[in-house]
Amino acid sequence: MTTAEATGYDVEQVRRDFPVLARRLAGDLPLVYLDSANTSQKPASVIAAIEEHYRLHNANVARAMHQIGAEATEAFEGARDKVAGFIGAPSRDEVVFTKNASEALNLVARVLGDAGRVGAGDEIVITQLEHHSNIVPWQQLCQRTGATLRWFGLTPEGRLDLSDIDSLITERTKVVSVAWVSNMLGSVSPLATIIAKAHAVGALVVVDASQAVPQLPVDVSTLGADLVAFTGHKMLGPTGIGVLWGRYELLAELPPFMGGGEMIETVTMERTTYAPPPARFEAGTPPIAQAVGLGAAVDYLSALGMENVAAHEHAITAYALGRLQEIDGLRIVGPSEAVDRGGAISFELAGVHPHDVAQLLDSRGIAVRAGNHCAKPAHACFGVQSTSRASFYLYTTEQEVDALVDGLLHTKKYFGA
Amino acid sequence: MTTAEATGYDVEQVRRDFPVLARRLAGDLPLVYLDSANTSQKPASVIAAIEEHYRLHNANVARAMHQIGAEATEAFEGARDKVAGFIGAPSRDEVVFTKNASEALNLVARVLGDAGRVGAGDEIVITQLEHHSNIVPWQQLCQRTGATLRWFGLTPEGRLDLSDIDSLITERTKVVSVAWVSNMLGSVSPLATIIAKAHAVGALVVVDASQAVPQLPVDVSTLGADLVAFTGHKMLGPTGIGVLWGRYELLAELPPFMGGGEMIETVTMERTTYAPPPARFEAGTPPIAQAVGLGAAVDYLSALGMENVAAHEHAITAYALGRLQEIDGLRIVGPSEAVDRGGAISFELAGVHPHDVAQLLDSRGIAVRAGNHCAKPAHACFGVQSTSRASFYLYTTEQEVDALVDGLLHTKKYFGA
Amino acid sequence: MDVDALYQEIILDHYKKPHGAGLREDFDTEVHHVNPTCGDEITLRVHLDGDTVADVSYAAQGCSISQASASVLNDLVVGHSVEEGMTVLGSFTELMQGKGKVEPDEDVLEDGVAFAGVAQFPARVKCALLAWMAWKDAVAQAVTEKEDA
Amino acid sequence: MDVDALYQEIILDHYKKPHGAGLREDFDTEVHHVNPTCGDEITLRVHLDGDTVADVSYAAQGCSISQASASVLNDLVVGHSVEEGMTVLGSFTELMQGKGKVEPDEDVLEDGVAFAGVAQFPARVKCALLAWMAWKDAVAQAVTEKEDA
Ligand SMILES: Cc1ncc(COP(=O)(O)O)c(C=O)c1O
Ligand SMILES: Cc1ncc(COP(=O)(O)O)c(C=O)c1O
C-alpha cells in the first residue's frame, strides 16, 4: 500500500505549505523531520495569522473597548469557537486556554485537591505509559492530600494491561487519568472500557489527548470523558497554548486554579468572587496571538479533514513499521503492527546507543528524538533507559521513511554493530 | 519641555518600526494608541523573529538532539541570557519563563504554601494599589493555609501610605508583595523602604514589576527583592510569556509548581525528583517562540537604552498631566505631577461615564481603556467604580496626547457635560 | 461604525433624564446585577399588581447606554402585563444580538428602536441588556413567589 | 558539523573496548551521576592510595561519547596523583566548554584530544563530562573522608 492511495490529499502539495520543510541543513542536506510527536511543524497560514495579528490587530482582550481591542477580542474568542467546533464541544464555554497540555493537567490536579474532591484515603488511577505531565501532577496531588496513586501496567506488546481493572478502579477511585495515544509506544488506549468502569464507580475521567487531537477526529461530546487536555504546538499551532476541555457543569463546580486578571467577578481586599468558566480558569493576559495561531491551525486541519489526516498517519505508520522491521537488530518498543496505534515508533538498535543513532541520523539531515521521551516509567517497563523515536505527521512521506531506514543501516555500519 | 528635548532617540523613527502604528481605523483615521499599560505594540523585529523561528528553526527544546532542535534550544536559552542581562540577574538560572506575570505571581504563592513557608497565624502584606494578579493569589493562599492578608492603604494623592508600616510588617509577616509601578494610579512604590523593613523582620519580598520593567532600567542584583515578576507583552514582546526572577538560593529551596515535561530529574511511578531551577519551574513545553520574541524585544529596548525609554516616558507623562488638567471637569485619579510616577493616567470626566469616554475617543481613532483596569480595590479607595485610562510608551508623541485632549473636549460637548 | 448610530439623540435624552429612576418602597422583589466586564451595576425592584407590572424602580451605575436602556425599559413595561413585557424583552434581546441585521419593530419597541445601533458595537450589547436581564430575573422571582404564596 | 569530527576513531575504539570498566571492590567512595537531559548514568568508585589514584572503577550506561570518556578518564588518572588528575580534569573541561576554539594539549590529554570535536556539538558536551564530574565528586569525598579520619 502506498500512502498516495490511502491519503485523501496530496502530501507533496501539503508539504509546500510548510516553510521549514524546504530547509537545507549542514552539508546542504534536506530536512527529514521525523520528530512530530515532539512538536509539529507550522503551515504558512498559521505563521501568517500570528504575524498579521501582531502587525495589525494587537491589543489586549476583554478589557479593551477600542477598535483594535474589539478586533483582538473577536480573533481570540473566535479561536475558542473554532477549537470548540473542532473537538465537538457542546459549548464554547467548555474550552479553557492554558499554556500547554501540562498546565491543563496540573490545573485539574490542583483544583480537584483544592475542591476537596480528592483527599486522604482516596485513590487516583493512571497508567504506566503516561507522559511525565500526566504522572507528576498526580504524584504531587497525592503528596498534598494523602491520596494514593495506582496505575495500569503494560503488556509485553506495549498496550495497557486491563486485566486488573476491577481491583484498580474501585469505590475508592476518585480520578482516572489516562493518555489516549502514547507518545512513546504509540499505542491507543481502550478509552471506552476505562471510562465505563470509572464512571460506574463515580470517578472522574481525565484524558490526555495531546497525541490524539493532532491525529484523530475527536468528538468530546460522545467520548464520555469529563476533562480532556491537549496542546497547540503538536497540532500545527504555536507554542505557548494548550487546551483544557471540560463538561460545563463540572467546570462550573470547580474553584479557580490561578488568580488575577479577568478570572474574577468582583474583587475587594477581603474577598473575591469568580467569573464563570472558561474565564475562571484563565488568569492574566491569555495567549492571545497563540489562540489566533491555533485557530488557523484548526482551520488548516479541518480543510484537510481529520479522517484524511488519520488515514495518512495510519498508512505512513504501517509503512514505517514494515520497513523498520527489515533492519537486523532493530527492536520496536511498542506495538509492531499498525492496529490501534498512533504514529510514534520508539526503537532500539542493537549495539548503538539512541543518542548515537540520533546523531548519525542528524548528520544525514534526519531529525528523530532520542531519550526517554518524558516517559521514563514506560521505558523502565521495557528495561531500557532510552530509545530512538521516529514520529510522523500529515506531511511525512514514504521517501522520508526510506531515508530513515537507509540512515539506520548506515548507522549500524558506522558503529560496527 | 518638548519630548524631542528629553528623549534620547528619534520618536518618529521609532514609530516606523511598529507596523500597527500605521494602521488606519474606521473613517480612515490613524490609530492613536494610548493603551500601552494594557499591552504594548510590537516592533517589526519582534514579529520577524517569531516568524523566522517558525519558518526555519521550529523544534522542541532540551529534548531534541538534531540540528533544528539545537537551533531552537540555542534561541530559547539565548533569550534567557538576554532577559537575565536585561534585568541584571546575577545568573541566567534565576530567570524562569512563565506564561505571563500572573502565572509568575501564582507560582510564588502556591509554592510558598506548599513549602510550608506560609501557614496559619502568618501574615502576608500587600497593598491597595495592586493589580488583581497580585491580590487574588495571596487571598487564595490565605484561604488554603489560614494565613492573614494585610495591606498598605493609599494616600489621597494615590501613593502608598507607609504611615503604619511598623504595625503592618511585623515578626508575623512572611511575605510582602508589592507593585513597583501601579498600572492604574501610575504611582511608583517606595520599594527601598518596604524591602528594608520586610527583610528586617525576615519576610520575603515579591515585586510585581509588570509596569516597571517596560519603563525603567531595572537591576535585580541591587534591587533587594527576593522575587520579581513581569510580563512579556507589556515590554514589546509577544503574549504567552512572562518572567519570574528569583534569588538562586531561594529558588533552589522551593518545590515545583506544576509537574511534567523537563522539570524532573528522574521519574518512577512511585517518586519523582526535580531538576534544579529554572527547569524545575517550567513544566511542559515552554513558550519557545515567545521567548525568542521576548529576546528580540529586549534587544530592541537595549538598543534604545532604558534610560532613554524612561526619560521619554517621564517627559510624555509630564506633558499629558499638564494638558489633561487644562480640561474643566477632568479629575486625575493618582498623582497629578510627574514625580515618582509611571506613564498610566487614570481619570474621570464629570458627567460622562468612562465607557462613553472611551467610545467617543475610539470614534476618533484614539484607543484608551475604560473600566477598573484589574484594580478594583484601588478604584474603591477613590470611591469610583471605573475610570478612563490613557497610557504611553516609547512610541507615544505629544501630538497623540494633543489628539486625546481634543477628543476629550469633543466628548464633553457631545454628552453636554 | 458611526458613533452617532450608537448614541442616538433618544438615548442621550433618556440618559440625561432617566424615566422612573430611583428605588421605591413598594416592591415584590429586588435584584442586583453586575456586568463583570465593565463593572456596570443595577439594583432593580419589581412590583406586580396581579398580572400587571405596577412599577419598576431602579438605581443604576453605568454608561449612557445602560442607563438609557433602564429608562426605556421602565417606559415599555410599567403598566403592561408581564406577558407583554416578556414579548418586548424578546424583541429587544433579538435586536441586540442581531449584529445590526435585525429590523426593529417600532410598534413593539417604541424608543427602544434607538438601540438598533448598539447591536453594531458588540462590546456595548451587554450594557444595553443589563437592565433587561435584571428585570427578567426580578419578574421571574416575583411570579414564583406569588405562585408559592 | 562533520559527524566524523565527533566520532573519532579513538573514541569508537574506547567505546567498543572501554578501559578499566566494571565496579571493583577496593574503593573509598562511590558516586552515582545522572545526566537528566539524556538519562546517561554512571556509578563510579575511587580508590586512593595516599595521594595517588589507585583505581577508578565504573559501570556506565550511555552513549558512545560518555562511555569512551569514562574509559579515557581511567587511562589518564589511575596511577597519577590527585593533583595531576585535577589538572587533567581542568584541561578536559576547558576543551569541552571551548566551543571548538580551544587547542587541546596532547601531552596532558593524550587520547582525550579526540574529544576536541565534541565541543562543536553542544548537546553532547554533557555526555563527555559525565564521568569527569562523577570522578571530581568522588575524589573530593574521598579526600574529605581521609582528612576527617
Ligand atoms: C501591575 C500589573 N501586575 C500584573 C499584571 C498582569 O500581567 P499579565 O496579565 O500579563 O499576567 C499587569 C497587567 O495586566 C499589571 O499591570
Ligand atoms: C502524551 C503527552 N502528554 C502531555 C504532553 C505535554 O505537552 P506539553 O509539553 O505541550 O505540555 C505531551 C508532549 O510533550 C505528550 O506527548
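Lettering follows sequence order; numbering is per chain, from 1. The structure displayed is predicted, hence computed values, not measured ones.
- Applying side chain to side chain contact (heavy atoms under 4.5 Å, CB included) to A:N38 and the options B:N60, B:T285, B:V61 leaves one that passes, B:N60.
- Contact annotation for A:Y274: only side-chain heavy atoms (C-beta onward) come within less than 4.5 Å of a heavy atom of chain B.
- The contact between B:T272 and chain A is made by backbone and side chain atoms together, counting heavy-atom distances below 4.5 Å.
- Heavy-atom pairs under 4.5 Å with chain B peak, among A:E103, A:E130, A:R144, A:H373, at A:E103.
- Chain B forms more heavy-atom pairs under 4.5 Å with one residue of A:S40, A:S133, A:A291, A:S102 than with any other, namely A:S133.
- The two residues B:Y54 and A:K42 make their nearest non-hydrogen contact at CD2-CG, 3.6 Å.
- Considering every non-hydrogen atom in both B:E262 and A:C374, the closest pair reads OE2-SG, 3.4 Å.
- With hydrogens and angles disregarded, no donor-acceptor distance shorter than 3.5 Å links the side chain of B:T39 to the backbone of A:A59.
- We find the NE2-OG1 distance between A:H132 and B:T266 to be 7.5 Å, quoted to the nearest 0.5 Å.
- If you measure heavy-atom distances from A:N134 to chain B, you find no contacts under 4.5 Å at all.
- Chain A forms the most heavy-atom pairs under 4.5 Å with one residue out of B:N58, B:V20, B:N100, and that residue is B:N58.
- With respect to chain B, the highest number of heavy-atom pairs below 4.5 Å among A:I366, A:N372, A:V46, A:V136 belongs to A:V136.
- Interface residue A:A367: backbone and side-chain heavy atoms are both found under 4.5 Å from chain B.
- One distance of note links CE of B:M65 with CG of A:D356; it measures 8.0 Å at 0.5 Å rounding.
- Residues A:F97 and B:K99 approach most closely at O-NZ, 4.5 Å, considering heavy atoms.
- For B:A101, no part lies under 4.5 angstrom from a heavy atom of chain A.
- Salt-bridge annotation for B:E71 and A:R23: present, with a side-chain N of the basic residue lying under 4.0 Å from a carboxylate O of the acidic one.
- Interface check for chain A: of the options B:E270, B:H53, B:H57, B:M263, the most heavy-atom pairs under 4.5 Å are formed by B:E270.
- Here B:T268 is the residue among B:L361, B:T231, B:T268 with the most heavy-atom pairs under 4.5 Å with chain A.
- B:Q140 touches chain A through its side chain: at least one heavy atom from C-beta onward sits under 4.5 Å away, while N, CA, C and O do not.
- For A:Q41, the parts sitting under 4.5 Å from any heavy atom of chain B are the backbone and the side chain alike.
- In terms of non-hydrogen atom pairs under 4.5 Å with chain B, the most contact-rich of A:P287, A:P377, A:G240, A:P256 is A:P377.
- For B:L56, the parts lying near chain A are the backbone and the side chain together; criterion is any non-hydrogen pair under 4.5 Å.
- B:Q67 contributes a side-chain N or O that, together with a main-chain N or O of A:D362, makes up a donor-acceptor pair within less than 3.5 Å.
- For a residue to count as touching a neighbouring chain, one of its non-hydrogen atoms must lie under 4.5 Å from one of that chain's; by this rule B:L105 does not touch chain A.
- Each of A:H233, A:E51, A:R271 has some count of heavy-atom pairs under 4.5 Å with chain B, and the biggest count is that of A:H233.
- The choice from B:D114, B:I241, B:I135, B:L149 that makes the most heavy-atom pairs within less than 4.5 Å of chain A is B:D114.
- Taking the six-membered ring for Trp and thresholds of 30 and 60 degrees, B:H66 and A:Y33 have ring planes more than 60 degrees apart, a perpendicular arrangement.
- Taking chain B as the reference chain and counting heavy-atom pairs below 4.5 Å, the highest number among A:P238, A:A358, A:A48, A:A22 is found for A:P238.
- The contact between A:L25 and chain B is made by backbone and side chain atoms together, counting heavy-atom distances below 4.5 Å.
- For A:A289, the parts lying under 4.5 angstrom from a heavy atom of chain B are both the backbone and the side chain.
- For a residue to count as touching a neighbouring chain, one of its non-hydrogen atoms must lie under 4.5 Å from one of that chain's; by this rule A:I288 touches chain B with backbone and side chain alike.
- The backbone N or O of B:P19 lies less than 3.5 Å from no partner atom in the side chain of A:R55, so there is not a single donor-acceptor pair.
- Contact record, B:E265 with A:K376: O-CE, 3.9 Å, taken as the closest heavy-atom pair.
- Only the side chain of B:I126 comes within less than 4.5 Å of a heavy atom in chain A; its backbone stays farther off.
- Only the backbone of A:T127 comes within contact range of chain B, with heavy atoms under 4.5 Å apart.
- Of the listed residues (B:Q143, B:Q128, B:Q359), the greatest number of heavy-atom pairs within a distance under 4.5 Å of chain A belongs to B:Q128.
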